[in-house]
Structure formats: structure tokens, C-alpha cells
Number of protein chains: 2
Amino acid sequence: MAYHHGHLRESLIDVAVEAIEHDGVDRLSLRDVARTVGVSHAASAYHFGDRKGLFTAIATDGFQRLAVALEAADGGFVDAGVAYVRFAIADRGRFEVMFRPELVNGDDPALLAAMARASAVLGAGAAERSGDSRVNGLAAWSIVHGFSTLWNAGVIRADGATADELASSVAAVLFER
Amino acid sequence: MAYHHGHLRESLIDVAVEAIEHDGVDRLSLRDVARTVGVSHAASAYHFGDRKGLFTAIATDGFQRLAVALEAADGGFVDAGVAYVRFAIADRGRFEVMFRPELVNGDDPALLAAMARASAVLGAGAAERSGDSRVNGLAAWSIVHGFSTLWNAGVIRADGATADELASSVAAVLFER
DNA sequence: ATCTCGAACTTGTCAATGACAAGATCAACG
DNA sequence: CGTTGATCTTGTCATTGACAAGTTCGAGAT
């Protein structure tokens, strides 16, 4: 086995995200992550400093991916909303960390930049509606974010419908009527 | 000091909720909670079994309080929505635990009963609207839940407005137009 | 009044964890 | 070849959650 791993930082993030999806954020063990990657328990300390550093990296990565996903879906509010929900469910581990201010280093420049990028895409869709665009944007964000977290919390009765279908219907209630 | 505390269970929950509001769920130390209350570190194990037991008790308590708050606000969807948001912000510590399935004992009877009670109040308001009442109810729940979590995450720019005012405006976008 | 018994706590212990310190290995470059 | 900095390791410490076993107390039976 090579001494230098090569992609240690990315590997650690990936394994951590998987562990978070499986067991939840607060049961994440840094030592366990290091073990599954195959490095010593102190290797992650070098890359992330401490626990908060790891979460900050995960959140930064998450916001960048969110921005990409939202930029790709360019067909009105409902499509963007579905894209938001789809990301939240597919990338559940990252999504969970992204909106937990106490877990991350709030003044990290990379984090702030990634958040700003995602935020810009998010706010763009609400400007064209009638009424207060700020309130409209907030309402749009709230409804897709709420659906996402409720779905991930497992409290939504699906009744056979997929998350995409339900999310689309829910998003449509907001503006398209 | 008396050997028997009298309200140890409630005291432990209260202190734990405060600690959660201050430091987040995953930094909650059972031993620290016990220290603040003034009992030994094993006292809470007697009442709650383990960490998950404590969180289950907190969530149960939370859903009961939520139900009470929602039942008290009986003036249409917007009022109920504002009550939901107000609870989520004022009782942030409990609210955080309530929607984290990995933290609680999902098959606890008291928890399920409390959830069912809150859920009943929640679903009642959506039946009178036109369209699919299930989708409408889900949309309503999503928008107030999303606003609550986003607000608690600190990512909403308030611009001087109170949470109540903003929540009311946002909720109004959904149906009252 | 005292005995009994179960509920409500306590002290003691253990493996695991996150943080930190100090050392080892390696790659690139002068 | 020797140095230098990045990357990773071993070692250590206080703290933590879980568990085991003992202690204190109160209420009801006798």
C-alpha cells in the first residue's frame, strides 16, 4: 500500500457522507471513517483540522453540487423545485450537513462562496412573479426545502407516488394555478 | 439536598433542551446535563435508558406541545402556519429532535401517539381547499416546515421583519391570493 | 413500630472517541 | 546528495456513553 494515498481528502469526504446517510450526523465517528478508508485516525485531522472542519468541507462540496443541479434545471420554478428536492434526497448526507450552522465553520471563505453561488441560482427564479419577489422567493425556497426535509425525515406517506411526482405536485400548488 | 429529586425526569429534559438550543444536538453530553441538574451521570440512564431514550422523550414532549399550539390557533391556514413556525422557533431544541428519525426510538408508543395527535390537527386545515386535499395539506406542511427550518438554520435574511410577519406573508402566498 | 420491597439514585468501570503532540515517510528540487 | 515541506503515523489524554453493582429512601403490609 502506498504511503501517499492520492485522494485521501475526497475519499474521507465520500466515506463520511455515506456514513452520515446511514447512521445520521451525530453518530459519525472520525476514527471509523479513517478505518474504512484505511488510514490512521489522525490522517483526517491533517486535512480538516477537527470535526467541524470535516463538516465544513462536506457542506461546501454540497452547496457546489446543489448549484450545479439547479443551474442544469432551467425550465421554470417547478422544474427547479424538483431538482432541489431530487438533490436533497439523492445527496441526503451532504444536504443534512449544509443547513446545520452549528456543525460548520460559518466564516469559512470556501463555504461562503459556495453558498452564495447556490443562493444566486435559487433567487433568480422568483423575480418574474407578481407581488413581492422577496416573499415569493422565500415561499418557493421554503416549500421545496420543507418537502425535502420532511421526506428525508420519513414522515411523508408516499402512497406509491415517487418523490419526484409528489414534489412536482406540491410545487405546482404554490404558483401554477 | 433530598436524595429523591422529585422532578428529575422533567428537569433533565429541560436542561437537555436548553443545551441543544445552545450547542446543537450532537454536542449534547448526557454527563454534562446530569452535572447541571446536580445528579450523578447514571441518573439519566435510569429514566431514559440510553441517549436515544432521552431524545425520544424530548420528541414526544415536543409533539404534544406542538399539538397544543396548533389546536389553540384556530383561524384558518395562515394562523395555524404562523403557530407552527412560532413553535418551531420558540421551542427550537425540541423541534430539532422531533424530525430526526435516527435520534429517536421510532416504535415508542408514546411518541407515536403524540405524533398522531399533532398530525391530526395538521391535516384538518387542508381538507376545505379545492383540489387534491392530500397534496394541499402536504404543500401547507412543507411551506411552514421549510420556513421554520431555514429560519432556525439562520439562512433567511430578515431585513428587520420579525419571523411572525415573514412567516405570515410566506404562508399567504400559498392559498390566500 | 418495624419489616420488606421496589423505585430512585450513586459509585465504579470499560471501550471508544476527538483532540493534540511528536515522530516517520516521501517527493520534489537545488 | 541533502534539505525542505507536505502527508501520514504512533502515542497519549480527558471525556464520553453504556453497563454493573451497590445504596438510600419511602410506602404499604404486618
Side-chain angles (χ1 to χ4, degrees), chain A residues 1-20 22-59 93 96-97 100-106 108 110, chain B residues 1-20 22-59 93 96-97 100-106 108 110:
Chain A
M1 176 165 2
Y3 187 84
H4 282 258
H5 188 281
H7 315 285
L8 221 207
R9 192 188 153 92
E10 289 76 12
S11 298
L12 288 171
I13 291 183
D14 286 346
V15 169
V17 167
E18 268 186 43
I20 290 172
H22 195 265
D23 292 323
V25 183
D26 57 312
R27 279 210 208 146
L28 180 76
S29 158
L30 297 188
R31 290 172 105 108
D32 213 29
V33 169
R35 263 191 294 271
T36 55
V37 173
V39 293
S40 79
H41 62 263
S44 76
Y46 170 75
H47 286 283
F48 304 110
D50 57 359
R51 185 166 239 263
K52 186 174 275 191
L54 210 208
F55 287 134
T56 303
I58 292 177
E96 269 191 31
V97 176
R100 292 270 199 80
E102 79 274 12
L103 292 182
V104 303
N105 200 338
D108 182 272
Chain B
M1 167 146 33
Y3 187 84
H4 282 257
H5 188 281
H7 314 284
L8 219 207
R9 194 188 151 91
E10 289 76 11
S11 298
L12 288 171
I13 291 183
D14 285 347
V15 170
V17 167
E18 268 186 43
I20 290 172
H22 195 265
D23 292 324
V25 183
D26 56 313
R27 277 211 209 148
L28 179 76
S29 157
L30 299 187
R31 290 172 104 108
D32 213 28
V33 169
R35 264 191 295 270
T36 347
V37 175
V39 294
S40 79
H41 61 263
S44 76
Y46 171 76
H47 286 284
F48 303 110
D50 57 359
R51 184 166 238 262
K52 187 174 275 191
L54 209 209
F55 286 135
T56 303
I58 292 176
E96 268 192 30
V97 176
R100 290 272 199 80
E102 79 274 12
L103 291 182
V104 303
N105 200 338
D108 182 272

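Naming: A, B, ... by sequence-line order, numbering from 1 per chain. In this text, all values refer to a predicted model and were calculated from it rather than measured experimentally.
- Here the CD1-CG distance, from Ile20(B) to Leu54(B), works out to 7.5 Å after rounding to the nearest 0.5 Å.
- Contacts of Arg51(A) with the nucleic acid, taken as non-hydrogen atoms under 4.0 Å apart, involve only primed sugar atoms and P, OP1 or OP2.
- Side-chain contact between Val25(A) and Phe55(A) is present, with at least one heavy-atom pair separated by less than 4.5 Å.
- Nucleotides of DNA chain D nearest to Leu8(A) and Lys52(B) differ in position, and the one nearer the 5' end is that of Leu8(A).
- In this structure the side chain of His7(A) never reaches within 4.5 angstrom of the side chain of Asp14(A), judged on heavy atoms.
- Within the 4.0 Å cut-off from OP1 or OP2 of dT17(C), at least one side-chain nitrogen or oxygen of Arg35(A) is found.
- Nearest to the side chain of Leu30(A), among dA18(D), dG18(C), dT11(C), sits dG18(C).
- Side chain of His47(B), nearest nucleotide from dG18(C), dC9(C), dT13(C): dC9(C).
- If you take CG of Asp23(B) and C1' of dT16(D), they are 15 Å apart, rounded to a whole angstrom.
- Atom CZ in Arg31(A) sits roughly 6 Å away from atom C1' in dT17(C) (whole-Å rounding).
- Nucleic acid contact for Ala45(B): none, since no nucleic acid atom lies under 4.0 Å from a heavy atom of the residue.
- Atom CZ in Arg27(B) sits about 9 Å away from atom P in dA19(C), given to the nearest Å.
- Separation of atoms CG (Leu8(B)) and CG (Leu12(B)) is listed at 4.5 Å; rounding is to 0.5 Å.
- At most 12 non-hydrogen atoms from other residues, nucleotides or ligands lie less than 6.0 angstrom from CD of Glu18(A).
- Contact annotation: Ser29(A) reaches the phosphate of dT17(C) (side-chain N/O to OP1 or OP2, under 4.0 Å).
- Look at CZ on Phe48(A): it is 16 Å from C1' on dA19(C), rounded to the nearest Å.
- Put simply, NE2 on His41(B) is 15 Å from P on dC9(C), counting in whole angstrom units.
- Distance OH (Tyr46(B)) to P (dG6(C)): 12 Å, rounded to an integer number of Å.
- Across all strands shown, Leu28(A) has heavy atoms under 4.0 Å from sugar-phosphate atoms exclusively, and none from any base.
- Atom CG in Leu54(B) sits roughly 15 Å away from atom P in dT16(D) (whole-Å rounding).
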